[in-house]
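Contents: one structure, followed by commentary.
The figures here come from the full heavy-atom set of this structure, side chains too, leaving out hydrogens, waters and symmetry mates. Note that the coordinates shown come from a computational prediction; the quantities given were computed from them, not determined experimentally. The sequence lines fix the lettering, A, B, ..., with proteins before strands; numbering per chain opens at 1.
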Number of protein chains: 2
Amino acid sequence: MADNRQKLTKIALSKVQKAGLRGLSFRTLADEVGIKSSSVHYHFPEKADLAQALIEQYSAAFTSQLETISAGGGSLMRKLSRFMDVIESVASSDSVCLCGMLAAELESLSAENRYALKRFFADMEDWLAREIAAHQAELSTSLEPHQLAKVMVSGVEGALIVGRVHGSTEHLAAQRTVLANLLRFEDRT
Amino acid sequence: MADNRQKLTKIALSKVQKAGLRGLSFRTLADEVGIKSSSVHYHFPEKADLAQALIEQYSAAFTSQLETISAGGGSLMRKLSRFMDVIESVASSDSVCLCGMLAAELESLSAENRYALKRFFADMEDWLAREIAAHQAELSTSLEPHQLAKVMVSGVEGALIVGRVHGSTEHLAAQRTVLANLLRFEDRT
DNA sequence: GTCTATAGGCAGATAGAC
DNA sequence: GTCTATCTGCCTATAGAC
């Protein structure tokens with residue numbers, strides 16, 4: 001089937017979010033799809049090609065969700081709350097953010113993989129900074145939007161990784177609470 | 001030499017902070033110390049034993065630094081700034097926090113390793129929460145100390161991992177700036 | 001697109017000599 | 001404590017048939 005490529009990326013994404021790229025072998029991946037590892041190499045010649053496909057797919061889906069949030073309008077509180085919803089949705093069942101996981105494995109990634117990773121984090125930061133700047137009047141702080149955005153990016157990635165160790169989502173929840181505290185007004189949307 | 005055990009943990013620590021536990025092999029580790037891999041197994045029968053020694057050593061050193069900060073007294077700003085100094089000192093040269101790295105590799109760790117990891121993060125959080133609670137009057141927020149502490153733990157771990165992707169310490173610096181903004185008074189110590 | 005078969009390498013771990 | 005030697009297993013990747 002031609003859609004085995006899709007099955008591969010789908011299963012691989014879930015596996016890498018749990019065990020990392022190193023924790024995924026072409027053999028076990030092939031087994032789960034019901035083909036042989038050599039067939040996986042047909043779709044993705046090298047492991048770095050699979051990783052690249054995962055990052056690009058994941059980034060595109062993420063960006064698309066952020067655009068939906070922007071288009072939905074409303075207060076900054078509403079937007080940031082929905083941003084946290086998106087982050088939370090990837091945290092289920094022993095998984096962390098794909099790119100947070102790969103960032104930990106940075107040393108074993110190809111140059112192309114690394115560049116795509118950089119872009120993912122930069123895009124997230126830029127989106128946050130843009131939204132914050134557009135709603136600065138709602139903020140109870142005069143900190144630079146990009147400073148706040150950097151803290152948020154670090155915060156959610158760290159919360160996913162550390163939270164998983166404790167088997168809880170309390171770190172993400174704390175992130176939400178502190179975030180809300182930075183806002184001058186309550187959510188009225 | 002009997003102190004080969006020390007050499008092993010020293011080199012292993014540095015390697016794991018860069019490449020992860022999976023990125024370290026008994027063979028290459030042995031090479032760097034100038035012995036054979038079977039001799040490494042003499043000191044650490046299984047890889048999990050080496051990991052355990054690393055976590056415990058790292059945790060003890062970290063705790064000791066936090067105690068020094070507490071004993072030094074001064075304002076909360078001063079203490080948190082020194083806390084950030086400690087975090088920054090592990091960030092040099094493509095390294096992240098040992099426990100942040102291992103947290104990403106959680107799925108491949110032994111039960112004992114996982115428990116030691118949990119304790120590391122819990123201890124850091126408890127220290128932060130304790131200091132915050134003791135200086136609550138200096139805070140410009142009424143958030144729960146443990147909520148703030150969780151955000152800081154997530155924040156610094158995430159900043160190390162994400163910052164490394166960009167080859168910069170800006171994420172850690174942003175953490176510092178936002179932290180300072182939570183404080184009501186300026187540093188007068 | 002998928003298969004069989006395999007090359008070639010590296011991993012963790014152990015046995016037994018010294 | 002360290003060595004040589006080796007077992008066993010897994011990995012990425014490729015060649016060539018179908």
Side-chain angles (χ1 to χ4, degrees), chain A residues 1-55 57 101-102 104-114, chain B residues 1-55 57 98 101-102 104-114 116:
Chain A
M1 310 184 215
D3 56 15
N4 269 349
R5 195 179 207 274
Q6 273 190 324
K7 286 190 194 171
L8 285 169
T9 53
K10 186 185 168 189
I11 295 177
L13 173 63
S14 155
K15 285 254 175 197
V16 174
Q17 283 185 271
K18 292 186 175 77
L21 191 63
R22 280 204 179 100
L24 174 76
S25 79
F26 274 35
R27 273 178 170 74
T28 62
L29 177 57
D31 282 351
E32 293 210 31
V33 175
I35 58 178
K36 294 296 171 181
S37 72
S38 53
S39 301
V40 179
H41 280 284
Y42 167 79
H43 294 287
F44 307 100
E46 301 186 9
K47 216 176 179 185
D49 298 316
L50 173 58
Q52 191 66 20
L54 291 182
I55 300 171
Q57 213 168 293
M101 178 62 85
L102 293 178
E105 296 182 295
L106 188 70
E107 144 278 347
S108 66
L109 299 182
S110 73
E112 195 188 19
N113 291 166
R114 291 178 192 208
Chain B
M1 309 182 218
D3 56 16
N4 269 348
R5 193 177 207 274
Q6 273 190 325
K7 285 190 194 171
L8 285 169
T9 53
K10 185 183 167 189
I11 295 177
L13 173 63
S14 155
K15 285 254 176 198
V16 174
Q17 283 184 271
K18 291 187 175 77
L21 191 62
R22 278 198 171 109
L24 174 76
S25 79
F26 274 36
R27 276 176 168 75
T28 62
L29 177 57
D31 282 351
E32 292 210 32
V33 175
I35 58 177
K36 293 297 172 180
S37 72
S38 52
S39 301
V40 179
H41 280 283
Y42 167 81
H43 294 286
F44 307 99
E46 299 186 9
K47 216 177 181 186
D49 298 316
L50 173 57
Q52 189 66 20
L54 293 182
I55 300 171
Q57 213 168 293
L98 173 78
M101 178 62 85
L102 293 178
E105 295 182 297
L106 188 69
E107 145 276 349
S108 66
L109 298 183
S110 74
E112 195 187 20
N113 291 166
R114 290 178 192 209

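Summarising the geometry, atom CG belonging to B/Leu13 is positioned 9.0 Å from atom NZ belonging to B/Lys18; distances are rounded to the nearest 0.5 Å. In this structure, A/Ile55 CD1 and A/Arg114 CZ are separated by 11.0 Å, a value rounded to the nearest 0.5 Å. A distance of 11.0 Å separates NZ of A/Lys10 from CG of A/Asp3, quoted to the nearest 0.5 Å. Note that CD1 of B/Ile35 is 11.5 Å distant from OH of B/Tyr42, once rounded to the nearest 0.5 Å. One finds the OG1 atom of B/Thr9 at 4.0 Å from the CD atom of B/Gln57 (value rounded to the nearest 0.5 Å).
Heavy atoms only, all atoms of each residue included: B/Asn4 and B/His43 are closest at CB-NE2, 4.3 Å. Considering all non-hydrogen atoms of both residues, B/Phe44 and B/Phe26 come closest at O-CE2, 3.5 Å.
Residue B/His43 places at least one side-chain N or O under 4.0 Å from the OP1 or OP2 atom of D/dT2. One finds no side-chain N or O of B/Asn4 lying less than 4.0 angstrom from the OP1 or OP2 phosphate oxygen of D/dG1.
Residues from residues 14-22 of chain B lying near DNA chain C, meaning a heavy-atom separation below 4.0 Å, are absent.
Atom-to-atom, NE2 of A/His41 to P of C/dA7 comes out at 16 Å; the value is rounded to the nearest Å. Here the C1' atom of nucleotide C/dC18 and the OH atom of B/Tyr42 are 14 Å apart, to the nearest Å. Spacing between atom CG of B/Leu29 and atom P of C/dA11 amounts to 11 Å, rounded to whole angstrom units. Counting to the nearest Å, the P atom of C/dT2 and the CG atom of A/Asp31 are 14 Å from each other. Rounded to an integer number of Å, the gap from B/Phe44 CZ to C/dT14 P is 16 Å. Atom CD of B/Gln6 is separated from atom P of D/dG1 by 12 Å (rounded to the nearest Å).
Residues B/Leu102 and B/Leu98 form a side-chain contact, since some pair of their non-hydrogen atoms from C-beta on lies under 4.5 Å apart.
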Atom pairs, protein N/O to nucleotides 3-5 of chain D N/O, distance under 3.5 Å:
{"unit_1": "D/dC3", "atom_1": "OP2", "unit_2": "B/Lys36", "atom_2": "N", "d": "2.5"}
{"unit_1": "D/dC3", "atom_1": "OP2", "unit_2": "B/Ser39", "atom_2": "OG", "d": "3.0"}
{"unit_1": "D/dC3", "atom_1": "N4", "unit_2": "B/Ser38", "atom_2": "OG", "d": "3.4"}
{"unit_1": "D/dT4", "atom_1": "O4", "unit_2": "B/Ser38", "atom_2": "OG", "d": "2.8"}

Can you give me the N/O atom pairs linking the protein to nucleotides 7-11 of chain D at distances under 3.5 Å, or say none if there are none?
{"unit_1": "D/dC11", "atom_1": "OP1", "unit_2": "A/Ser25", "atom_2": "OG", "d": "3.1"}

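With sequence neighbours excluded, the residues that form a side-chain contact (heavy atoms from CB on, under 4.5 Å) with A/Arg22 are A/Glu105, A/Glu107, A/Ser108, B/Arg22.
Within the structure, the side-chain hydrogen bond (donor to acceptor under 3.5 Å, both in side chains) test picks out the following pairs touching residues 29-41 of chain B (sequence neighbours left out): B/Lys15-B/Glu32.
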Kindly list each side-chain donor-acceptor pair under 3.5 angstrom involving residues 46-54 of chain A, sequence neighbours excluded, with atom names and distances?
{"unit_1": "A/Lys47", "atom_1": "NZ", "unit_2": "A/Leu21", "atom_2": "O", "d": "2.8"}
{"unit_1": "A/Lys47", "atom_1": "NZ", "unit_2": "A/Leu24", "atom_2": "O", "d": "2.7"}
{"unit_1": "A/Asp49", "atom_1": "OD2", "unit_2": "A/Glu46", "atom_2": "N", "d": "2.9"}
{"unit_1": "A/Gln52", "atom_1": "OE1", "unit_2": "A/Asn113", "atom_2": "N", "d": "3.4"}
{"unit_1": "A/Gln52", "atom_1": "OE1", "unit_2": "A/Asn113", "atom_2": "ND2", "d": "2.8"}
{"unit_1": "A/Gln52", "atom_1": "NE2", "unit_2": "A/Glu56", "atom_2": "OE2", "d": "2.8"}

